[in-house]
Amino acid sequence: MKMRGADAILRSLEAEGVDVMFGIPGGAIMPTYDAMAHGSTVRHVLARHEQGAGHMAEGYARASGEVGVAIATSGPGATNLVTPIADASMDSVPTLFITGQVKTTLRGTDAFQEADVIGITQPIVKHSFAVERADDVAQTVRDALHIATTGRPGPVLIDLPSDIAASPARDATREPYLPGHRPRIRPNGRQVRWAAQAIAAARRPVLYAGGGVVQAGGADELTTLARVAGLPVTTTLMALGAFPASDPQWLGMLGMHGTRVANWAMDEADLIVAVGARFDDRVTGALEHFAPHAKIVHVDIDATEIGKNVAVHIPIVGDAKLALEALTRQLEKLRPDYARLAEWWGRIDGWRAAHPAREPEAPAEGCVAPEHALDALAAQLGDALVTTDVGQHQMWAANRLAFEAPRRWITSGGLGTMGFGLPAALGAQAARPDATVVCVSGEGSFLMNVQELATAVEEDLPVKVLLLDNASLGMVRQQQDLFWGGRRNAVDLGASPDWELLARAFGVAARSIGDPDEVEDAVAETLAEDGPALLHVRIAPEANCLPMFRPGGAAREMIG
Ligand SMILES: Cc1ncc(C[n+]2csc(CCOP(=O)(O)OP(=O)(O)O)c2C)c(N)n1
């Protein structure tokens with residue numbers, strides 16, 4: 001059979017090592033689905049909503065470090081991908097989104113299911129390609145994968161008109177290309193030396209790591225640098241697991257829902273070494289009050305991040321793993337004097353002793369404390385991967401589950417997308433078939449992509465869901481209570497479905513509990529299920545996620 005544009009898509013994905021994609025067919029993408037019907041080594045996972053498919057691609061990428069691929073038809077299929085594309089852009093997730101487009105002859109006629117997806121997604125893609133010739137398809141796929149995965153990773157879109165997909169194409173997969181060529185950006189040696197000298201001289205240093213460390217595969221190098229230099233370490237929500245939570249140098253997560261000790265250490269630091277992090281507002285709080293005494297070293301692969309939110313004293317543009325290695329080598333030569341840090345560690349230990357992890361409040365009759373449910377999960381988690389949705393449950397999970405290694409924690413950080421958790425878990429499970437994958441969710445978020453339970457059953461993706469039900473949009477309720485005079489509005493989710501029945505309707509095993517004595521057993525039973533399973537836990541409806549700092553307030557002023 002002669003090769004068509006649509007075949008070239010598949011042959012190129014295969015040649016580049018893509019083994020799964022997530023999507024839903026439709027009119028304008030029919031040629032590509034027909035090409036799949038002729039056979040491909042790329043597994044296709046049929047999602048039930050394109051937003052689900054997009055988050056699955058993200059979950060796959062975040063779990064594996066490999067590119068995640070989602071595919072959809074034109075018009076509504078493509079617009080349903082907008083949220084995952086924005087999510088992947090904010091969290092720098094290497095992803096490829098392939099959309100069908102109306103025939104070139106119908107372009108601009110408001111044809112059936114025509115939407116300008118290139119225009120709509122312009123500000124949120126790393127790059128996009130509107131394919132104009134079938135002969136270009138193979139090269140376009142290779143370029144797209146290359147762009148998605150090099151430098152700062154991100155989402156790339158290929159928009160493929162159906163007539164081009166159906167036209168004969170040159171078999172360009174046989175033409176030479178640089179397979180696996182992924183240049184790494186080396187940091188400048190002089191800047192590394194300055195930074196190492198600043199670290200060796202600092203009296204109150206903090207190492208602040210972000211998702212870029214995970215992306216660069218630099219978690220071990222982060223840990224080595226921290227140990228060699230004796231640095232206290234905090235990470236963003238995105239980088240949990242990049243530094244082992246059991247390590248005595250771990251301060252916990254920083255930011256709005258981070259620990260007091262992490263935020264106070266940043267506040268009093270004389271040197272902040274930021275690696276693969278972007279000083280976003282959920283981390284810094286009000287910028288005019290942020291880290292007033294600190295010099296800042298900022299390592300980032302994306303030069304546009306340096307100096308974006310805070311003035312940087314020593315910039316290092318480069319791959320986080322390489323930069324961390326280089327910094328460690330310099331510090332080994334400098335042999336820093338650890339005694340100068342004794343006072344700083346004393347101060348940190350004092351904060352720790354005064355503010356240990358919160359003891360859960362006694363829950364009302366028929367409810368479980370959220371911290372209790374998460375502590376039970378933490379105790380049985382082992383090497384499991386955890387995805388979350390967005391809300392209180394996400395922040396409780398971030399603080400209660402302790403991760404020792406990267407890529408175990410998958411959450412929507414930058415965009416804060418409710419509905420992310422379940423499909424992301426399915427994508428992670430597709431990437432790691434042998435791993436246990438748990439989605440920690442809230443009932444508001446879970447309902448946003450609950451249809452993907454059907455995908456879990458049909459595709460044998462045995463994810464476990466821990467649904468923390470507080471009968472409300474808890475995080476919004478908490479902010480209304482704390483910062484909006486207690487005027488609760490549009491947060492009551494009293495009329496939720498019967499979760500056990502709902503899960504069973506999809507063929508998913510389910511159990512519902514509200515008795516604290518049942519928690520440990522119920523978690524164990526859920527994790528032991530062969531197939532997908534849901535554990536619905538009624539949690540205290542008034543429980544707040546504390547401590548926190550006020551949106552727009554100073555990070556040092558932690559409430560609760
Ligand atoms: C798509 C989307 N819509 C709205 C919001 C705003 N928002 C943030 S948290 C939240 C409540 C989440 O409720 P739930 O999933 O039940 O979690 P809980 O906070 O109760 O744990 C809302 C509405 C959001 N983050 N994402």
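For reference, positions follow the sequence shown, starting with 1. Both counts, for ligands and for their atoms, begin at 1 and track the order of listing.
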### Query
Could you walk me through whether Q480 and N489 pass the side-chain hydrogen bond (donor to acceptor under 3.5 Å, both in side chains) check?
CA-CA 8 Å; Q480 288 176 348; N489 185 23; over 6 Å; no

### Query
Among T387, I410, L467, which one satisfies side chain to side chain contact (heavy atoms under 4.5 Å, CB included) with C439?
T387

### Query
Using the ring of each side chain (for Trp, its six-membered ring), is W409 parallel, tilted or perpendicular to F403, with breaks at 30° and 60°?
tilted

### Ring geometry between H355 and W264 (parallel below 30°, tilted from 30 to 60°, perpendicular above 60°)
perpendicular

### Message
Distance alone, cut at 3.5 Å: any donor-acceptor contact between the side chains of N544 and R477?
### Response
yes

### Task
Indicate whether any N or O donor in one side chain lies under 3.5 Å from an N or O acceptor in the other, for N449 and Q451.
yes

Ligand-protein N/O pairs under 3.5 Å (ligand 1):
residue  : atom   : partner : partner atom : Å
ligand 1 : 15 (O) : S445    : N            : 2.7
ligand 1 : 15 (O) : S445    : OG           : 2.7
ligand 1 : 16 (O) : E443    : N            : 3.4
ligand 1 : 16 (O) : E443    : OE1          : 3.4
ligand 1 : 16 (O) : G444    : N            : 2.9
ligand 1 : 16 (O) : S472    : O            : 3.3
ligand 1 : 17 (O) : H393    : ND1          : 3.2
ligand 1 : 19 (O) : Q392    : N            : 2.8
ligand 1 : 19 (O) : G474    : N            : 3.4
ligand 1 : 19 (O) : M475    : N            : 2.9
ligand 1 : 20 (O) : N470    : OD1          : 3.1
ligand 1 : 20 (O) : N470    : ND2          : 2.9
ligand 1 : 20 (O) : S472    : O            : 3.2
ligand 1 : 20 (O) : G474    : N            : 2.8
ligand 1 : 21 (O) : Q392    : N            : 3.3
ligand 1 : 21 (O) : H393    : N            : 3.0
ligand 1 : 21 (O) : H393    : ND1          : 2.9
ligand 1 : 25 (N) : G416    : O            : 2.8
ligand 1 : 26 (N) : G416    : O            : 3.4
ligand 1 : 26 (N) : M418    : N            : 3.4

